Amino acid sequence: MEKVRVRFAPSPTGFLHIGGARTALFNWLYARHNNGVFILRIEDTDRSRSTDEYIDAIIQGMKWLGLDWDEGPFRQTSRFDLYRSYADRLLKEGMAYYCYCSPAELEARRKEAMAAGRALKYDGRCRDLREPVPGVSPVVRFRMPQEGRTIVEDLIRGRVTFANDQLDDLIILRSDGTPTYNLTVVADDIDMGITHVIRGDDHLNNTPKQIQLYNAFGYPVPEFAHLPMILGPDRARLSKRHGATSVMAYYEMGYLPDALVNYLVRLGWSYGDREIFTREELIRYFSFENVGRAAAVFNPEKLLWLNSRYIINSPSERLAELVIPFLARENIVTEGWNPDREWLARAVDTLKERSKTLVELARSLRCYIAAEIEYDEKARAKFLNEESLGLLTEVREGLATLDVFSEAEIERLFRSIIEKHGIKLGRLAQPVRVALTGGTQSPGIFEVICVLGREKTLQRLQKAIKTAGENA
RNA sequence: GGUCCCAUCGUCUAGCGGCCUAGGACGUCGGCCUCUCACGCCGAAAACACGGGUUCGAGUCCCGUUGGGAUCACCA
């Protein structure tokens, strides 16, 4: 069988967004599953809206997601000669013609058609024009067959039939000679030997037109697979007004790329009851058979849950590395901070099961790293007072003289103190927690003490004892 | 408006005629665990849009209705 060749073809008129990322992902998965080739092609023929910054942003997004491509990136703006030759062929063979209608005329006729309830379609009045209209630079239109039907055999949708008389004589060359979308896609897909066109559902209506172009050029059509759209909570197509749609925004918010990939793939694809997959599993199991047909609502809560799962399952050493930029961004450390990695990993280890994002992880790391901690006012009032003063002092003295500063030894010390006073562990742990972290929520108190180390612990206890004294 | 697509819990989905008393996951609510918060564990509420067929039998097949979405550019 012919080697699978697929492409992701974004237009650089914005950042890589969630919808585009999923299209890229499905292409990538299909390529990898079939040991095929994944091509990145930048569709930048609309030069007024395309920018190099967006191209960079798209590439950055792809890289962050780990969607590596085998060929490209190709830019359509550097392939105009190719499109020109395809258009010329059509012109020469009478399958395309010059159209002299002005944009204003076209617009007027469209309005008219809309009012009359007809299809908004070019009426073909320049089809059989013999002589050029002087002083007008024409566009080139494709002579679309008007008889019969065009059938799209879609790997996801099944058979979709279009009546040819619904199809427009589409413009393939603008009046300035530049090619338009439908021409460039077909020319490129032919030229690049694309075997499977995997793209958003919004292109389904373009497909019969493109099939006619393939026919005109005398090339067999590729396989098509139209993916369902991703919707916002209001069931409208996901867009900026729904909040974060740029892939890199999820980096900023502390998401792991694998979590986003996992979430995106499950939006519209399933594999029995399974929710969490490694990349290798995704590649192994991926198939269009399991891709759904209905549009899916993007659910940030489930993504957040998945991210927390990925954080819990990531090695702490790895998380320690990943969280450093976030510590800097949160102003918890300064740029260029170079911690003891082993210590950081231990600190992360105590926090990762209570952090849903790297941002949360960074923030909760603050109490281990900061030189000074601030007390939460309510926590201070409730736990650093006359009642805890003695206990805090006892803990401090005990810790100061502990032979081995280990979790086991620290716990032994705590147990002996509560036994002596006949109190529950909470009565002792909470004041110490506030003393060491400033708040009432933290990892296990013995872990905290251990990670903090003897020096910092004693320092903070000292300060808390002073505060408790003043509060008494 | 024309054309095309879609339709199972709030959300993502399993289901490809009998295994469905409709399963899983997120979220929600209760409980357990417990030094706090989490994690984990147990449990609960929660869906086949509607109406016709076909069939011994329909969430599953067909038709219609309704409702959503996409598209109809010298954008891609």
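All of these numbers come straight from a predicted model, not from anything done at the bench. Residue numbers start from 1 in every chain, and the chains themselves are labelled A, B, ... in the order their sequence lines are given, proteins ahead of strands.
- One finds a side-chain N or O of A/Arg309 lying less than 4.0 angstrom from the OP1 or OP2 phosphate oxygen of B/G40.
- Residue-to-nucleotide contacts include a donor-acceptor pair under 3.5 Å from the side chain of A/Arg354 to the base of B/C37.
- Nucleotide B/G51 is matched to B/C63 when pairs are restricted to Watson-Crick or G-U wobble geometry with both distances under 3.5 angstrom.
- Not one side-chain nitrogen or oxygen of A/Thr180 sits closer than 4.0 Å to the OP1 or OP2 atom of B/A76.
- Between the side chain of A/Arg433 and the base of B/C35, a donor-acceptor pair under 3.5 Å is found.
- The separation between A/Tyr375 atom OH and B/U36 atom P is 21 Å, rounded to whole Å.
- Residue contacts for A/Thr161: at a heavy-atom cut-off of 4.0 Å it reaches the sugar-phosphate backbone alone, with no base atom in range.
- Backbone-only engagement by A/Thr45 is indicated by non-hydrogen atom pairs under 4.0 Å involving sugar-phosphate atoms exclusively.
- The distance from atom OH of A/Tyr181 to atom P of B/A76 is 10 Å, rounded to the nearest whole Å.
- Protein atom CG of A/Leu167 is 13 Å distant from nucleotide atom C1' of B/G2, rounded to whole Å.
- Note: A/Tyr271 and A/Tyr285 have parallel aromatic rings, judged against thresholds of 30 and 60 degrees for the angle between ring planes.
- Under the 6.0 Å cut-off for aromatic ring centres, A/Phe286 and A/Phe26 qualify, their centroids lying closer than that.
- With both ends at atom C1', the span from B/C72 to B/A14 equals 37 Å, rounded to whole Å.
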Each nucleotide N or O in nucleotides 60-71 of chain B that has a protein N or O under 3.5 Å away: list the pair and distance.
residue, atom, partner, partner atom, Å
B/A70, O3', A/Arg237, NH1, 3.3
B/A70, N3, A/Asn205, ND2, 3.4
B/U71, OP1, A/Arg237, NH1, 2.8
B/U71, O4', A/Asn205, ND2, 3.4

Detail all sub-3.5 Å separations between protein N/O atoms and N/O atoms belonging to nucleotides 41-47 of chain B.
none

Can you tabulate the close N/O pairs, meaning under 3.5 Å, that link protein atoms to atoms of nucleotides 24-33 of chain B?
residue, atom, partner, partner atom, Å
B/G24, N2, A/Glu275, OE2, 3.0
B/A25, O4', A/Glu275, OE2, 3.3
B/A25, N3, A/Lys302, NZ, 3.4
B/C26, O2', A/Lys302, N, 3.3

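- Across the protein-nucleic acid pair, A/Arg110 atom CZ and B/G1 atom C1' stand 15 Å apart, rounded to whole Å.
- Distances were taken from every side-chain heavy atom of A/Ser270 (C-beta onward) to each of B/C39, B/U36, B/U13; the shortest belongs to B/U13.
- B/G1 is paired with B/C72 under the criterion used here, namely a Watson-Crick or G-U wobble arrangement in which both key atom distances are under 3.5 Å.
- Computed from coordinates, the A/Lys121 NZ to B/C4 C1' distance equals 16 Å when rounded to whole Å.
- Here B/G2 presents its C1' atom at 14 Å from CD of A/Gln146, a figure rounded to the nearest Å.
- With contacts defined as side-chain heavy-atom distances shorter than 4.5 Å, the pair A/Lys209/A/Phe142 does not qualify.
- Searching all strands for a Watson-Crick or G-U wobble partner of B/G10 with both distances below 3.5 Å returns B/C26.
- Put simply, CD1 on A/Ile172 is 17 Å from P on B/A73, counting in whole angstrom units.
- Nucleotide B/C39 holds its P atom 15 Å from the CG atom of A/Leu361, rounded to whole Å.
- Residue A/Pro443 is in base contact, counting any heavy-atom pair closer than 4.0 Å across all strands shown.
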Next item on the list: Run the numbers on A/His203 and A/Gln210 for side chain to side chain donor-acceptor pair (under 3.5 Å), then give the verdict.
Entry: CA-CA 10 Å; A/His203 287 286; A/Gln210 292 171 9; 5.4 Å; no
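- Counting heavy atoms from C-beta outward, A/Leu402 and A/Arg412 have side chains that stay 4.5 Å or more apart.
- Set against B/C35, B/A73, B/A38, the side chain of A/Ile171 has B/A73 as its closest nucleotide.
- Of the nucleotides present, none pairs with B/C19 by Watson-Crick or G-U wobble criteria with both distances under 3.5 Å.
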